[in-house]
Amino acid sequence: VEALAQRVGGAEQSPMVRFWLMWHLHGGFDGLLRMGMARTTIFRKVKRFRHLFGQHPDEFEFPGVTVDFGAYWAGAAEAEAKRKRLTSKE
């Protein structure tokens, strides 16, 4: 992890960590497309990710990081329901 931190500065690392997380939560390339991300943006971000971390987002694992898909999607559904309730009152 220390070698990774030395190679990748925080300003560069943060967007790529978010990209990696969204990649996994939304099902990779096709999921990001469905989410509305442009194909060229996805390809550019995958290229940048590989440059910084040495692996494709599908293959790379952040040490100590696990993703609880069920909790994420349950929370996302709850947040969406709340948003709909709030906007319907306006």
Side-chain angles (χ1 to χ4, degrees):
V1 175
E2 189 174 316
L4 176 65
Q6 289 175 350
R7 191 176 76 219
V8 182
E12 286 185 276
Q13 187 177 2
S14 182
M16 289 295 98
V17 171
R18 287 192 306 266
F19 174 72
W20 176 87
L21 183 59
M22 296 306 288
W23 177 276
H24 286 276
L25 289 172
H26 291 273
F29 187 88
D30 291 334
L32 294 178
L33 280 176
R34 283 190 300 274
M35 209 175 81
M37 191 177 284
R39 290 177 64 86
T40 55
T41 299
I42 298 169
F43 284 122
R44 183 175 40 83
K45 287 183 179 284
V46 167
K47 181 179 179 180
R48 184 70 183 145
F49 189 93
R50 289 181 93 134
H51 174 75
L52 292 174
F53 296 101
Q55 289 181 295
H56 189 277
D58 275 338
E59 301 163 347
F60 187 80
E61 293 183 16
F62 282 99
V65 175
T66 57
V67 180
D68 186 338
F69 296 99
Y72 172 79
W73 287 109
E78 185 178 316
E80 179 64 12
K82 183 177 182 179
R83 185 192 64 77
K84 286 181 179 180
R85 282 193 308 272
L86 291 173
T87 56
S88 69
K89 292 179 183 180
E90 294 176 358

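FYI, the numbering just counts along the sequence from 1.
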Please list, one pair per line, the donor and acceptor atoms closer than 3.5 Å that link side chains of residues 29-42 to other protein atoms, with sequence neighbours excluded.
none

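Trp23 and His56 get closest at one heavy-atom pair: CZ2-CE1, 3.3 Å.
The side-chain contact (heavy atoms from CB on, under 4.5 Å) check on Lys82 picks up Arg85, Leu86, with sequence neighbours excluded. For Glu78, there are no side-chain contact (heavy atoms from CB on, under 4.5 Å) partners two or more places apart in sequence or in a different chain. A search for side-chain hydrogen bond (donor to acceptor under 3.5 Å, both in side chains) contacts involving Arg18 returns Ser14, not counting sequence neighbours. Residues passing the side-chain hydrogen bond (donor to acceptor under 3.5 Å, both in side chains) test with His26, sequence neighbours excluded: Tyr72. A search for side-chain hydrogen bond (donor to acceptor under 3.5 Å, both in side chains) contacts involving Glu59 returns nothing, not counting sequence neighbours.
Taking the six-membered ring for Trp and the full ring otherwise, the centers of Trp20 and Phe62 sit less than 6.0 Å from each other.
For the pair Leu52/Gln13, no side-chain contact is recorded, criterion being any heavy-atom separation below 4.5 Å from C-beta on.
Between the side chain of His24 and the backbone N or O of Phe69 there is no donor-acceptor pair closer than 3.5 Å.
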